[in-house]
Amino acid sequence: MISSDYSRLCNDCILCGRCLEVCPLFQSTNDEEYSPRAKAFLLQLLSISNETLSNGHVRKLAGICLSCGRCTQACPQNIDLPTALAKFKSESPSWKSWLWSCLIRSMPKTLPILSHSAPALSPFLMGDTKNRLLALKEKSHHILTLRFHSIRSSYKNEQALLFPGCIARYAKKKWIKTAYRILYMSGLNVLGMPDWSCCGYSIQQAGLLETSLTMQENNLSIWRSYGKPYIMTFCATCRHALEGMVNADLNWHDNEKDEWLQSIVTISSLLNTSEISLSLYKSLRSAIFLHHSCHARSDVWQWLMKNAPVTVDFGTIDKCCGLGGSLILERPEMLQPVVADLWSSVHSYRDGLLLTACNGCDYQLTTFNPWNFETGHWLDFVEIHD
Ligand code: SF4
Ligand code: SF4
């Protein structure tokens with residue numbers, strides 16, 4: 001038996017099945033055992049009975065989740081399974097949680113080393129390990145250029161801070177440089193680069209709630225110390241995590257939650273009033289695919305589609321990349337069907353270009369790219385001339 005009462009999870013469930021239609025694990029395995037509903041029932045059972053099922057076994061099943069939040073978005077009853085699972089994991093910590101915590105907290109030191117040494121180390125590695133290392137390298141693309149001519153921004157002269165996210169900060173600094181140039185071009189008054197903590201999303205979903213709270217407290221205190229400026233981000237998951245901070249107990253001042261939510265802006269939303277040109281350096285045999293990551297807003301690609309030339313075909317992929325949650329530690333083999341399901345969307349093309357607007361998705365898509373696709377964050381393709 002576990003301490004929390006998870007009974008609302010199932011009592012409110014009307015068995016409509018909408019969560020099954022969107023869950024990447026259920027969709028890619030067709031196994032009801034991995035569905036959101038099954039996990040919700042399991043948590044409820046555990047909270048109300050003296051079942052002999054060990055916490056270890058339940059954790060194993062509850063850990064099979066990508067924390068993508070697609071079930072929550074689809075649920076008419078607002079059942080938030082990923083948050084319940086995070087709480088559950090926090091109540092039954094394991095060595096895997098500890099390892100996850102160490103991995104995330106060591107990123108400021110390990111990511112720069114791994115990113116720089118990727119070309120030298122990769123010949124000695126194989127398979128996914130090699131691909132994971134190479135995915136940390138800065139990219140140079142020649143296939144597409146997004147050239148910004150002007151950005152008419154309603155944020156002109158407003159004060160702003162850039163929240164780049166860990167992968168950008170410690171491995172892909174080129175994204176930060178490009179993002180700054182876009183912000184300057186938009187007329188924003190960009191303040192310095194503070195010592196942000198991780199957005200805390202991965203660590204929270206692994207059940208390390210105390211650690212994630214400490215990170216959130218640091219980020220909130222930075223924002224306050226700069227006079228509550230806009231927080232500009234180019235990572236869909238960072239934005240989602242920063243917005244989710246209003247649900248945490250952070251000693252918010254009166255009306256401050258609203259101020260916080262209004263301060264968080266994605267750079268792609270600034271671009272909706274931009275003029276850009278798009279050039280392809282070599283002819284693409286297939287379309288450019290735009291990845292709609294789990295935590296991206298529905299208008300994430302509006303700026304690109306508005307400016308796209310009619311000569312280029314665009315497709316969208318609205319599927320989970322498989323990076324989220326702590327599945328990679330709990331059951332790494334379960335990633336394969338999820339990844340295969342995403343790439344099956346473009347299997348008839350075999351080459352092309354896949355753009356994303358999430359730092360973590362870029363990493364995962366690049367790691368598991370099975371064919372001759374070029375993958376990248378849209379910032380990889382931006383060229384700005386002074
Ligand atoms: S968060 Fe995603 S992977 Fe987890 S149960 Fe919900 S839809 Fe499935
Ligand atoms: S979408 Fe919500 S109400 Fe419908 S089956 Fe899933 S958990 Fe239950």
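Ligands are counted one by one from 1 in listed order, and the atoms in each one are counted from 1 as well.
Considering only heavy atoms from C-beta on, I151 comes within 4.5 Å of L271 through its side chain.
Heavy-atom proximity to P36, at under 4.0 Å, picks out these atoms of ligand 1: 5 (S). Short contacts between ligand 1 and G69, defined as distances under 4.0 Å to a heavy atom of the residue, involve ligand atoms 1 (S), 2 (Fe). Listed by number with element, the atoms of ligand 1 under 4.0 angstrom from any heavy atom of K39 are 5 (S). With ligand atoms numbered from 1 in the order given, ligand 1 contributes 1 (S) to contacts under 4.0 Å with heavy atoms of P82. The atoms of ligand 2 that sit less than 4.0 Å from any heavy atom of Q77 are 3 (S). Close contacts of ligand 2 with C75, meaning ligand atoms under 4.0 Å from a residue heavy atom, involve 1 (S), 2 (Fe), 3 (S).
Shown are T178, D362, N359; of these, the side chain to side chain donor-acceptor pair (under 3.5 Å) with K172 is made only by D362.
At a threshold of 4.0 Å, the pair K87-D80 does not count as salt-bridged, since none of the basic side-chain nitrogens sits closer than that to a carboxylate oxygen. Contact check on K174 versus E138 returns no salt bridge, with no Lys/Arg side-chain nitrogen under 4.0 Å from an Asp/Glu carboxylate oxygen.
Residue, atom and distance of the protein heavy atom nearest to atom 4 (Fe) of ligand 1 are C65 SG, 2.3 Å. Counting only heavy atoms of the protein, atom 3 (S) of ligand 1 lies nearest to L66 N, 3.3 Å. Closest to atom 6 (Fe) of ligand 1 among all protein heavy atoms lies C71 SG, 2.3 Å.
With Q216 contributing its side chain and A248 its backbone, the two residues share no donor-acceptor pair below 3.5 Å. Side chain of H149 to backbone of S274: no donor-acceptor contact under 3.5 angstrom is found.
Residue C23: an N/O/S atom is found under 2.8 Å from atom 8 (Fe) of ligand 1. Residue C68: no N/O/S atom is found under 2.8 Å from atom 4 (Fe) of ligand 1.
Between W303 and W301, the angle of the ring planes lies from 30° to 60°, which puts this pair in the tilted group. Ring pair F373/F289 is tilted by interplanar angle, where 30° to 60° counts as tilted.
Contact between A40 and ligand 2 is absent, with no heavy atom of the residue lying under 4.0 Å from the ligand.
Contacts of L15 with ligand 2, taken as heavy-atom pairs under 4.0 Å, involve the backbone alone.
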**OP:** Report the C-alpha distance between K306 and D299 in whole Å, list the side-chain angles of each, state the deciding distance to 0.1 Å, and finish with yes or no for salt bridge (charged side-chain N to carboxylate O under 4.0 Å, His left out).
**Re:** CA-CA 11 Å; K306 262 172 52 182; D299 65 351; over 6 Å; no
